[in-house]
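Quick notes on the structure that follows.
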Amino acid sequence: MSNLLSSANGIPLQEYGVTETAGKFGGLTLSQDTIYFEKLGHFHREVIPERRVHAKGSGAYGYFEVTADMTKYCKAKFLNEVGKQTPVFARFSLVVGERGSSDVARDVRGFALKFYTEEGNWDMVGNNTPIFFISDAIRFPDLIHAMKRHPQTNLVDPTTAWDFWSSVPESTHQVLMLFTDRGIPDGYRHMNGYGSHTFKWVNDKNEVTWVKFHFKTEAGIKCLLSSDPKHFGVLDDPDYSSRDLYEHIANNKEACWKAYVQLMPYDDAWTYKIDPFDLTRVWSHKDYPLIEYGRLVLNRNPTNYHAEVEQVAFSPANFVPGIEPSPDKVLQGRLYSYMDSQFYRLCKNYTTLPINCPYRVKIQNYHRDGITHTSNGENKPTYWPNSFGGPNPDPAYNRSEYKLRDTNVGRYPTVEDKQDYFTQPGCLYRNVLKEDERQRVITNIAGSLSFVSSDQVKARAIKNFYMVDKDLGTQLAQKLDIKVDFT
Ligand code: NDP
């Protein structure tokens, strides 16, 4: 009985490898062979819609531990005690490639964490870079279309990617970072994670501090370099990062990151030298130093890829009391788009799937029906307000008040001074990268640009890099043997 094969309906099966036919020789399959129809019917429906971005990923369970008191800044209960641990599920991914694509492509990596806190789930849906290509969410579909396969050839086409990037110079900082060594991390354990956006931390007096989240790998940053003989063969393994993470944890080892924040006093935001809500720029460590406050440890592999890694659904809109959005225009757009895409991918009740369920709290609300996996609210009232004991909101959970500084309505560019697109990438190129890294970034960019079919696009891209640094632009033009008007 214990190991008996059954149908989806629990009926014991007597056979699974032979269809039922009328006649032994030349027999026709019978429509009463419901074992066959059920088996094939399930098989045909196994694939759910692929994530439009971040399709290829790996996941692991672990915990977050508080290592420093942050209650002065944030009232979130999972942060209210040094030593407190909160269960976490992490998913790492590539942005552009499809579900079966290569782990070792040059691409931004996703770094998404679900914290199962005692006040519901907080998702930190970040990347391995502290910035991104765009400063306004409305540009996201164009960015991704340009980086995905060509509509006619279905080939990955550097011409479209460089056409978009070079026409939208705010992307230069992220493009430069992508073509440094960090553009191909040596697996997911050897990269940092960043919340990237600015968020609010709110304390129990409702005082707001702007915050950026950083997770620094304890294993150290390591990158895959095609020129390094140690990496021979690695770049041919499409599952390199997934395999590394899974095997590391299967061998009873932990993958760990130290958690830091940068904190900016509320009023600084209006006078800081850059727009602190612009996702294409960082807050300098010199202005807002990193403060260590926690540790992320991953130590358990999923038992089922589809149920856990594929069906996990993150959303930057999943905040717990004490963490709130900032006016970052890309974050504001993401607050809407994740839930909408999960509705499409997993249907409306996706938060009831075990991997997504905020299992440490009791979920009580007035959402009903759809495809349900739970008791659907049993016999409780289905409307609010009601006189029959349904759940009520509590004003104590109001978000902090936010005063608009400008009440005009319009479509305003994020960056007013276009020169500013190039200041921070210039700092990265000149002050952060070492000479050998600078040489590799030039080789990596030139290698990619050499596949671009349009000289006009090449020249525009090189001109942007010239604005970053004259030497960078000049060297690229020489390497690609192209005349660029730098005036
Ligand atoms: P810092 O010298 O204090 O910071 C430089 C940071 O650059 C390092 O701490 C490291 O960040 C990061 N870094 C090192 N190598 C690379 C690389 N190959 N690709 C991407 N990042 C790298 O100066 P600032 O804070 O003033 O920043 C200077 C420039 O550094 C910025 O314009 C930006 O381009 C880049 N940067 C800044 C970060 C920030 O949050 N301030 C974060 C990452 C990059 P980490 O410690 O996170 O590994």
Side-chain angles (χ1 to χ4, degrees), residues 8-10 48 61 63-64 66 70-71 73-81 84-89 112-125 199-208 304 307-308 310-326 331-332 334-402:
N9 220 12
I48 61 172
Y61 295 92
Y63 63 89
F64 177 83
V66 181
M70 289 287 132
T71 51
Y73 305 106
C74 183
K75 65 184 172 190
K77 285 199 178 139
F78 79 98
L79 293 175
N80 70 1
E81 205 184 321
K84 191 175 216 178
Q85 292 188 352
T86 297
V88 167
F89 185 76
L113 305 175
K114 191 176 282 295
F115 293 69
Y116 301 93
T117 91
E118 64 264 58
E119 296 176 291
N121 291 350
W122 175 50
D123 292 352
M124 200 219 68
V125 201
F199 294 91
K200 283 177 186 164
W201 262 2
V202 184
N203 67 13
D204 55 7
K205 297 188 196 85
N206 266 350
E207 292 161 339
V208 174
N304 185 278
E308 292 150 85
E310 187 62 21
Q311 294 203 123
V312 69
F314 294 95
S315 169
N318 290 348
F319 292 110
V320 292
I323 311 179
E324 297 181 7
S326 78
L331 175 60
Q332 292 282 320
R334 290 177 82 204
L335 299 178
Y336 149 74
S337 79
Y338 278 66
M339 189 172 66
D340 189 50
S341 56
Q342 312 297 6
F343 279 167
Y344 166 66
R345 201 170 68 85
L346 300 166
C347 295
K348 88 173 193 79
N349 289 321
Y350 68 89
T351 53
T352 63
L353 295 170
I355 190 67
N356 298 320
C357 180
Y359 60 86
R360 295 182 66 201
V361 292
K362 188 171 174 191
I363 304 159
Q364 304 187 96
N365 55 46
Y366 298 94
H367 304 323
R368 288 296 184 275
D369 302 352
I371 296 168
T372 70
H373 305 281
T374 58
S375 60
N376 194 32
E378 296 161 328
N379 59 351
K380 307 261 169 40
T382 55
Y383 56 90
W384 184 89
N386 64 76
S387 316
F388 303 104
N392 290 306
D394 180 347
Y397 290 100
N398 269 355
R399 279 193 178 159
S400 62
E401 268 192 13
Y402 180 70

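Heavy-atom basis, side chains included; hydrogens, waters and symmetry copies ignored.
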Checklist entry - Which word best sums up how the rings of F199 and F319 line up, parallel for under 30°, tilted for 30 to 60°, or perpendicular for over 60°? => result perpendicular

Checklist entry - How far does CD1 of I48 sit from CD of Q311, to the nearest 0.5 angstrom? => result 5.0 Å

Next on the checklist: Which heavy atom of C347 sits nearest to which heavy atom of I371, and what is that distance?
Outcome noted: SG-CD1, 3.9 Å

Next on the checklist: Once ring pair (Phe, Tyr, Trp, His ring centres under 6.0 Å) is applied, do any residues pair with F115, and if so which ones, sequence neighbours excluded?
Outcome noted: F64, F78, W122

Checklist entry - With sequence neighbours excluded, what pairs up with Y61 under the ring pair (Phe, Tyr, Trp, His ring centres under 6.0 Å) test? => result F89

Checklist entry - In chain order, what residues pass the side-chain contact (heavy atoms from CB on, under 4.5 Å) check against T71, with sequence neighbours excluded? => result D69, N80

Item to check | From CA spacing to verdict: side chain to side chain donor-acceptor pair (under 3.5 Å), Y336, D340 | outcome: CA-CA 7 Å; Y336 149 74; D340 189 50; 3.2 Å; yes

Next on the checklist: Quick check: closest heavy atoms across K114 and A313, and the distance to 0.1 Å?
Outcome noted: NZ-O, 3.0 Å

Item to check | Pairing residues for N365 by the side-chain contact (heavy atoms from CB on, under 4.5 Å) criterion, not counting sequence neighbours | outcome: I363, H367, R368

Checklist entry - Among side-chain atoms of Q342 and S315, is any donor-acceptor pair under 3.5 angstrom? => result no

Item to check | Set of residues satisfying side-chain contact (heavy atoms from CB on, under 4.5 Å) with respect to F343, sequence neighbours excluded | outcome: M339, K348, Y350

Checklist entry - What pairs meet the salt bridge (Lys or Arg N to Asp or Glu O under 4.0 Å) rule with one or both residues in residues 370-395, with sequence neighbours excluded? => result E378-K380

Checklist outcome for this item: When every non-hydrogen atom of K75 is compared with those of G322, the smallest separation belongs to CG-CA, 3.7 Å

Item to check | Criterion ring-ring contact (aromatic ring centres under 6.0 Å, His included) on Y116 and Y359, from CA distance to verdict | outcome: CA-CA 7 Å; Y116 301 93; Y359 60 86; 5.1 Å; yes

